[in-house]
Enquirer: 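Sharing a structure with you now.
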Amino acid sequence: MKKENMTITNHRRIARNIYEMELEGKLVQETAGPGQFLHILPPASDSMLLRRPISICKTDKKTSRLTIIYRAEGKGTNQLAFAPEESRLDVMGPLGNGFPAENVSPGEHVLLTGGGIGVPPLYDTACDLREKGIELTTVLGFSDKETVFYEERFRELGDVYVSTEDGSYGTAGFVTDVIASEKLSFDRIFACGPVPMLKALEDAYPNARGSISLEERMGCGLGVCLACVCRSREDSDGTDYRKICSDGPVFSWGEVLL
Amino acid sequence: MKKENMTITNHRRIARNIYEMELEGKLVQETAGPGQFLHILPPASDSMLLRRPISICKTDKKTSRLTIIYRAEGKGTNQLAFAPEESRLDVMGPLGNGFPAENVSPGEHVLLTGGGIGVPPLYDTACDLREKGIELTTVLGFSDKETVFYEERFRELGDVYVSTEDGSYGTAGFVTDVIASEKLSFDRIFACGPVPMLKALEDAYPNARGSISLEERMGCGLGVCLACVCRSREDSDGTDYRKICSDGPVFSWGEVLL
Amino acid sequence: MSRMSVSLPGLEMKNPVMPASGCFGFGEEIGTLYDLDELGAIALKATTLEARYGNETPRVAETASGMLNAIGLQNPGLEKVLSDKLPPLASKEVPLLANIAGSTMEDYEAVADALSASGRVGALELNISCPNVKQGGIAFGTDPDLAAELTERVKAVSHVPVYVKLSPNTSDITVIADAVEKAGADGLTLINTLTGMKIDRKTGRPLLANQVGGLSGPAVKPVAIRMIHELRQQTTLPIIGMGGIMEAGDIIEFIMAGADAVAVGTANFTNPFICPELIGELGSMLEHEQVDHLYDLRAEEAGVR
Amino acid sequence: MSRMSVSLPGLEMKNPVMPASGCFGFGEEIGTLYDLDELGAIALKATTLEARYGNETPRVAETASGMLNAIGLQNPGLEKVLSDKLPPLASKEVPLLANIAGSTMEDYEAVADALSASGRVGALELNISCPNVKQGGIAFGTDPDLAAELTERVKAVSHVPVYVKLSPNTSDITVIADAVEKAGADGLTLINTLTGMKIDRKTGRPLLANQVGGLSGPAVKPVAIRMIHELRQQTTLPIIGMGGIMEAGDIIEFIMAGADAVAVGTANFTNPFICPELIGELGSMLEHEQVDHLYDLRAEEAGVR
Ligand SMILES: Cc1cc2nc3c(=O)[nH]c(=O)nc-3n(C[C@H](O)[C@H](O)[C@H](O)COP(=O)(O)OP(=O)(O)OC[C@H]3O[C@@H](n4cnc5c(N)ncnc54)[C@H](O)[C@@H]3O)c2cc1C
Ligand SMILES: Cc1cc2nc3c(=O)[nH]c(=O)nc-3n(C[C@H](O)[C@H](O)[C@H](O)COP(=O)(O)OP(=O)(O)OC[C@H]3O[C@@H](n4cnc5c(N)ncnc54)[C@H](O)[C@@H]3O)c2cc1C
Ligand SMILES: Cc1cc2nc3c(=O)[nH]c(=O)nc-3n(C[C@H](O)[C@H](O)[C@H](O)COP(=O)(O)O)c2cc1C
Ligand SMILES: Cc1cc2nc3c(=O)[nH]c(=O)nc-3n(C[C@H](O)[C@H](O)[C@H](O)COP(=O)(O)O)c2cc1C
Ligand code: FES
Ligand code: FES
C-alpha cells in the first residue's frame with residue numbers, strides 16, 4: 001500500500017454522470033490482481049476528511065498507469081469530476097483483495113455479472129482471464145441507456161448481454177432476468193454491483209462457485225476502524241465478521257451475509 | 001455594494017509574503033473614494049466561512065480594474081496567494097467609507113503615514129490628492145527591508161521617508177520617529193497601520209486634522225453582526241460605538257477610542 | 001397554499017426560511033440588498049431592557065467549517081428598538097420573531113411585554129441559551145426549573161406566541177424542552193451556539209477577548225439535526241431548526257429531521273444574499289421532485305405527528 | 001530530556017502524540033506502515049469483557065470538517081485482546097493506554113484488572129463517554145456520582161494509573177471532572193465525540209444504522225479546546241487532549257490550552273501516516289521557535305500550575 005499524489009493523465013465523461021480517469025503513479029506496481037480498490041481524497045476541498053473507495057478498472061504496470069471509472073454522485077465524486085488533467089490526486093492503494101482470477105482453470109467458463117458502478121472491477125478481471133485464455137460471458141446491468149458504459153470493451157473479450165431497468169437499451173429488467181432468459185451456464189461466477197443484485201444471484205445459484213465484491217461506507221480503508229464490517233454467514237456466536245476493506249471487498253460465494 | 005466573481009488579471013509577489021493582485025469586475029464602478037475595502041472569500045476552500053477584508057489600493061474605472069496588496073499571513077490569505085491569474089475570486093465590495101480626500105483644500109500639505117500592510121489604501125488616497133494638485137509627504141514604516149513595497153510608487157507622487165523597525169532599510173525605528181526627527185509639518189494627516197502606530201500618532205499630534213483607518217476581525221462586513229465595533233471617544237453611557245466595517249474603516253482623528 | 005408556505009404560531013410564512021437572530025441585525029443593512037418581503041420571516045437581534053455594548057473585540061474567530069462569536073448581546077435596548085428599529089419594518093409584511101434576552105426574569109418580562117405589544121412582532125423568541133454573557137442567558141437555558149419559570153412568566157405577559165431558543169450545551173436536550181413545553185411554550189427554536197474556544201498561536205492565549213465564544217456554521221449541523229430529531233420524537237410543538245444551513249439541501253435535511261421551519265445564521269456572512277437564493281433553490285428542488293408540499297419530503301414514520 | 005518528551009502517569013512518552021482510541025485498532029494494520037515506536041504512546045481500541053459485534057452498518061458518515069461514527073465498541077473481548085492483540089505489541093517499546101468499556105461496573109472492573117495486570121499496558125483509559133452504545137458508556141459519563149463510583153472501583157483493582165475519558169455532551173464538564181478527580185483518577189482524556197446525526201436525503205431517514213453517531217474531526221476542535229482550557233483552570237491532573245487534530249499547529253494549540261499530551265483520531269483515516277508526520281513537523285516547529293521544551297510555548301498565567 002502506498003499513499004501517493006498520482007497524476008491525472010486522462011479524464012473524460014463516458015456516460016451520464018460516469019467518468020473515466022487514468023492515473024499515473026508508483027503504486028500501480030503494487031497492484032496484486034483485479035478487483036482491488038483505491039482510496040481517494042476528494043480534491044479541492046478542505047472540509048472532506050473521508051476518502052472515497054473506487055475500484056481499479058484496468059492496470060498497466062508497464063506505463064505505471066491505471067484506470068478508474070466512477071459515478072459523480074455526492075459531494076466528493078462531484079468534486080472529482082472537476083479535477084483537470086495533469087493535476088494531482090491524493091490516492092491510497094492498492095487496497096483489499098480482488099477476484100481470484102488466478103484460481104480459474106483453463107477450460108472453465110466464467111460468467112461476469114456487473115451492475116452499474118459495480119462494472120469497473122470486472123473489466124480488469126475479464127482482461128486477466130482472457131489473457132489466460134478463459135472463456136467469458138459478461139452480463140451488464142444499468143438503470144437506463146444513458147448510463148451504459150464499457151459494453152464494447154467487454155465485447156472484445158467475449159459474449160456480452162446488457163440489460164437496463166427501464167428497458168431503454170438491451171433487455172428490460174435485471175441481470176438475473178438475462179441470465180435466466182438466455183439460459184446462461186457457467187462454471188464460475190464473479191459479480192459486483194448493488195447488494196440486491198448480489199443477493200438475487202446468490203439466491204438463484206446457491207451452489208455456484210464464484211465471488212462477489214461488496215461496497216460499504218468506509219473510514220480507514222485499511223482494516224483499522226471497523227466501519228465496513230459485514231457478518232459472515234457461518235456466525236456461531238453473533239460476533240464473527242469480515243472487514244470489507246481488508247478482508248474483501250471480494251468474498252467467496254456464500255461467505256458473508258447479504 | 002456588489003457580490004461578484006471578479007477575474008484575477010494580474011497576480012505577483014512584490015515583497016516577502018506580500019502580493020499585488022489586480023482584479024477586474026463591475027463593482028469597480030461603484031467605488032466612492034480611496035480607503036474602501038473588499039471582502040474576499042478565500043478561494044479553493046470549502047471550510048472557511050469568513051471573508052477577508054482587504055483594502056483597495058488603486059482603482060481604475062476606465063478598465064474596471066482595481067489593485068489590492070495583501071500579506072500572506074494566515075490560512076485564507078495563504079490560499080489567496082495560490083490563486084492563478086485568469087481565475088475567479090468571490091468578492092464583495094466596495095465596502096465602508098474611505099479617506100475624505102475630497103475635503104482637502106488646494107494649498108494644504110498632507111502627510112500620509114502607513115505601517116506595513118496599512119500602506120495600500122494610502123496609495124489610492126495619494127493618487128486622488130495628487131490629481132487635485134495637493135502637496136504630499138509620505139512616511140512608510142515596515143518591519144524590515146524584505147517587506148518594503150511601493151516606495152517608488154509613492155515617490156512619483158511626493159516626498160517619501162521609509163523606516164524599518166530593525167533598521168535594515170531607511171531610518172531605524174517607527175514612523176513617529178521619522179516624523180519627529182525630520183520635523184515634518186502638515187495641515188492634515190491620513191494614517192493607516194497597526195493600532196499602536198495610530199495611537200502613537202494621535203497621542204503625538206492630539207489636535208491634528210486628519211483621519212485614521214482601523215482594522216478589526218469581521219463577520220459580515222456590512223454592519224449587521226457587530227463583530228467589528230470600537231468605542232467612540234465621547235462615550236457618555238458606555239454603549240456608544242462605531243462599526244469599523246460600515247461607519248469606518250476610516251474615522252476622524254480622535255473620533256474613536258484606540 | 002404553496003409548496004413552501006408554512007404556518008407556525010404567530011408566523012404565517014410564505015416559505016420556511018428566516019435569517020437567524022443576531023445574523024441579520026434588524027434588517028436595516030441587508031434590507032438594502034433585497035426586498036425583505038421575500039423572506040419567510042425575520043428573527044431579530046436579541047433585545048435587552050437596557051442598551052448593551054457587549055464584549056470587547058476580537059469578537060469573532062474562524063474555525064473549520066464554523067465560526068466562534070462572542071458579540072455579547074450588543075443592542076440599543078428596548079426603548080430604541082421600539083423607537084428606531086421596528087418602525088422602518090412597518091412598511092414590510094414579513095413576519096417578525098423578536099429575540100429577547102435579559103439577566104433577570106423581570107428584564108425578560110418587561111421586554112416581552114413591550115415588544116409583543118408593539119403590533120409589529122408576530123412572536124417572541126426567548127433567548128435562554130446565549131453562551132456569551134456572564135449573567136442570565138445560558139443559566140436559564142441549562143436549568144429546567146428556571147427555564148420553565150421564565151417561560152411561564154413571559155407567557156403570562158406576552159401578547160403573541162412565545163418560542164424558546166434552546167442551547168445545545170446540554171447532556172439531554174429533552175429535559176429542558178419538556179420543561180418549557182409544560183410551562184406553555186408555543187414552539188422551540190434550536191440550536192443556539194455550542195460553547196467553544198480558539199487559541200491564538202501567536203500569544204498562546206484565547207483569541208476572543210471574551211475567551212469563549214459560540215460555535216456556529218456547518219460544523220455544528222450534525223448536533224443540530226440530532227437534537228431536532230430527538231425532540232421530534234417527544235413533542236408536537238413547532239420547531240424552528242438552525243445550525244449550519246448553507247444550501248437548500250440542508251433545509252430539506254432539517255425538515256426531514258423534524259423542523260417545521262428553519263433559520264439561517266452564519267451563512268449570511270459568507271453571502272448576504274443567501275436567504276433569497278436558498279428560497280429560490282428550495283422552490284426549484286420541490287418543483288423538480290414534484291412534491292405538493294415541503295413537508296411531504298418527510299419519511300412517514302419520522303416523529304410523533 | 002528532549003524538546004518533545006513528556007512524562008505522564010504510566011506513560012513515559014518521547015513525544016506528546018498518540019493515536020486516539022478506536023482510530024488505530026490495536027496497531028496491527030498501521031504497524032505495517034511505520035515503526036510504532038515512533039509514537040509517543042498508543043491508545044488502544046476499547047476492550048469490553050465479552051466480544052461485541054457492534055452496530056449495524058452504515059457506521060460512518062461524513063460531515064463538514066468532521067465525521068460521525070457509530071461503530072458500537074466492536075472488539076474481540078478481553079480474552080482475545082490478551083491472547084491475540086497484546087502479544088504482537090510485546091516487541092515494541094511504545095507505551096500503551098488501554099481503553100476499557102462496559103455496561104456494568106463489574107465489567108469495567110474485570111477488564112481493568114486483567115488488562116492492567118498484563119504487564120504490557122502502561123495505563124488505563126476509562127471510556128465513560130461512548131455515545132454509540134445503548135447501555136453503560138455514556139450514562140456513566142453524564143452522571144457525576146456514577147462516574148466517581150466507577151472510577152473508584154476501577155482504581156481499586158487497577159495495577160496501573162487510570163485516566164478517565166470525558167464526554168463533551170454535557171452542560172458543565174467541570175462537574176464530572178471534579179467527581180472523577182476526587183474519586184482518584186490519575187488523569188483526564190478529552191474529548192470523546194459529540195453526539196450527532198446525519199439525514200440521508202434519499203430516504204429522509206438517519207443515514208447511520210444506529211441513527212446517531214459520534215462527531216469527531218476539526219469541526220469539534222473549538223469545543224475540545226474550550227473544555228481543556230476550562231479544566232486546566234481547576235485541576236493539575238494531566239490532560240490528554242484530542243478532538244480535530246490535523247496538523248502540528250493544532251497540537252500546539254492543545255498544549256497552549258492546557259493539555260499535557262494529545263491524541264489524534266479521525267486524521268488517521270484521512271492519512272494513515274499522520275502521526276509520525278505530525279511528530280516530525282512538531283519537532284521542526286519547536287526547533288524553529290528555539291524553545292527548550294514544548295511546554296514553554298504556554299502563556300505564563302494560563303491554568304493553575
Ligand atoms: C470497494 C469499493 C469499490 C467501489 N468502486 C467504485 C467504482 O469503481 N466506481 C464508483 O463510481 N463507485 C465505486 N464505489 C462507490 C463509491 O465509493 C461511492 O459512490 C463514493 O464513495 C460516493 O462518494 P460521494 O463523494 O459521491 O458521496 P458522498 O455522499 O459525498 O459521500 C460521503 C461519504 O459516504 C461514502 N459513501 C457514499 N456512498 C457510498 C457507497 N455507495 N459506497 C461506499 N461509500 C459511500 C463516501 O465514501 C464518503 O465517505 C465503490 C465502493 C467501495 C466500497
Ligand atoms: C478594513 C480592513 C482593511 C484591510 N486591508 C488589508 C490590506 O490591504 N492588505 C492586507 O494584507 N491586510 C489587510 N487587512 C488585514 C487582513 O484582513 C487580514 O490580514 C486577513 O483577514 C487575515 O486573514 P488570513 O486568512 O491571513 O488569517 P486567518 O488567521 O486565517 O484569518 C482568520 C480570520 O481572522 C480574520 N483576521 C485575521 N487577522 C486579521 C486582521 N489583522 N484584521 C482583520 N481580520 C483579521 C480573518 O479575516 C478571518 O476572518 C485589512 C483589514 C481590515 C479590517
Ligand atoms: C454573530 C452571531 C450573533 C448571534 N446573536 C444571537 C442573538 O443575539 N440571539 C440568539 O438567540 N442567537 C444568536 N446567534 C445564534 C444564531 O441565531 C444561531 O442560533 C446559530 O448561529 C446557529 O445557526 P448558524 O449555524 O446558521 O449560524 C448568533 C450567532 C452569530 C454567529
Ligand atoms: C471510528 C472511531 C472510533 C472510535 N472508537 C473509540 C473507542 O473505542 N473508545 C474511545 O474512547 N473513543 C473512541 N473514539 C473517539 C476518539 O478516540 C476521539 O476521542 C475522538 O474521535 C476525537 O478525536 P478526533 O477528532 O481526533 O477524531 C472513536 C472515534 C472514531 C472516529
Ligand atoms: S474502512 Fe476501516 S476497517 Fe474497513
Ligand atoms: S463585520 Fe459585521 S458589523 Fe462589522
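In this text the structure is predicted, and so the values were computed from the model without any measurement. Order of the sequence lines sets the chain letters (A, B, ...), proteins ahead of strands, with each chain counted from 1.
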Enquirer: Roughly how far, to the nearest 0.5 Å, is the CE atom of C:Met256 from the CZ atom of D:Arg205?
Expert: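 One gets 9.5 Å once the value is rounded to the nearest 0.5 Å.
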Enquirer: Is it the backbone or the side chain of C:Pro168 that comes under 4.5 Å from a heavy atom of chain D, or both, or neither?
Expert: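 Neither part.
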Enquirer: C:Glu230 versus chain D, heavy atoms under 4.5 Å apart: side chain, backbone, both or neither?
Expert: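 It is neither, since no heavy atom gets under 4.5 Å.
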Enquirer: Of the backbone (N, CA, C, O) and the side chain (C-beta and beyond), which part of C:Thr63 lies under 4.5 Å from a heavy atom of chain D, both, or neither?
Expert: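 Contact with chain D is through the side chain of C:Thr63 alone.
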Enquirer: Most heavy-atom pairs under 4.5 angstrom with chain C, which of D:Gly66, D:Ala257, D:Gly249?
Expert: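 Ranked by heavy-atom pairs under 4.5 Å with chain C, first place is D:Gly249.
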Enquirer: Measure the shortest side-chain to side-chain distance between C:Leu194 and D:Leu194 over non-hydrogen atoms and say whether it is less than 4.5 angstrom.
Expert: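 Of all side-chain heavy-atom pairs linking D:Leu194 with C:Leu194, at least one is under 4.5 Å.
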Enquirer: Could you have a look at C:Pro222, C:Ala224, C:Gly196, C:Ala219 and say which one has the most heavy-atom pairs with chain D under 4.5 angstrom?
Expert: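 So the answer, after comparing C:Pro222, C:Ala224, C:Gly196, C:Ala219, is C:Pro222.
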Enquirer: Could you give the distance from CE (D:Met285) to CZ (C:Arg201), rounded to the nearest 0.5 Å?
Expert: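 Here the rounded value is 6.0 Å.
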Enquirer: Could you look at C:Leu68 and say if it's the side chain, the backbone, both or neither that has a heavy atom under 4.5 Å from chain D?
Expert: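 For C:Leu68, the contact with chain D is made by the side chain alone.
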Enquirer: At their closest point, which heavy atom of D:His229 faces which heavy atom of C:Pro206, and how far apart are they?
Expert: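 The answer is NE2-CG, 3.7 Å.
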Enquirer: In a check of side-chain contact (heavy atoms from CB on, under 4.5 Å) between C:Ser171 and each of D:Asp172, D:Asp143, D:Thr142, D:Thr195, which one passes?
Expert: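 Answer after filtering D:Asp172, D:Asp143, D:Thr142, D:Thr195: D:Thr142.
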Enquirer: Going from CG on D:Leu215 to NZ on C:Lys221, what distance comes out if it is rounded to the nearest 0.5 angstrom?
Expert: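 D:Leu215 atom CG to C:Lys221 atom NZ measures 11.5 Å (nearest 0.5 Å).
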Enquirer: Roughly how far, to the nearest 0.5 Å, is CG of D:Leu207 from CD of C:Glu253?
Expert: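 So the gap between those two atoms works out to 9.0 Å.
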Enquirer: Between chain D and each of C:Asp250, C:Asp200, C:Ile255, count heavy-atom pairs under 4.5 Å; write down the option with the most.
Expert: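 Most heavy-atom pairs under 4.5 Å with chain D: C:Asp250.
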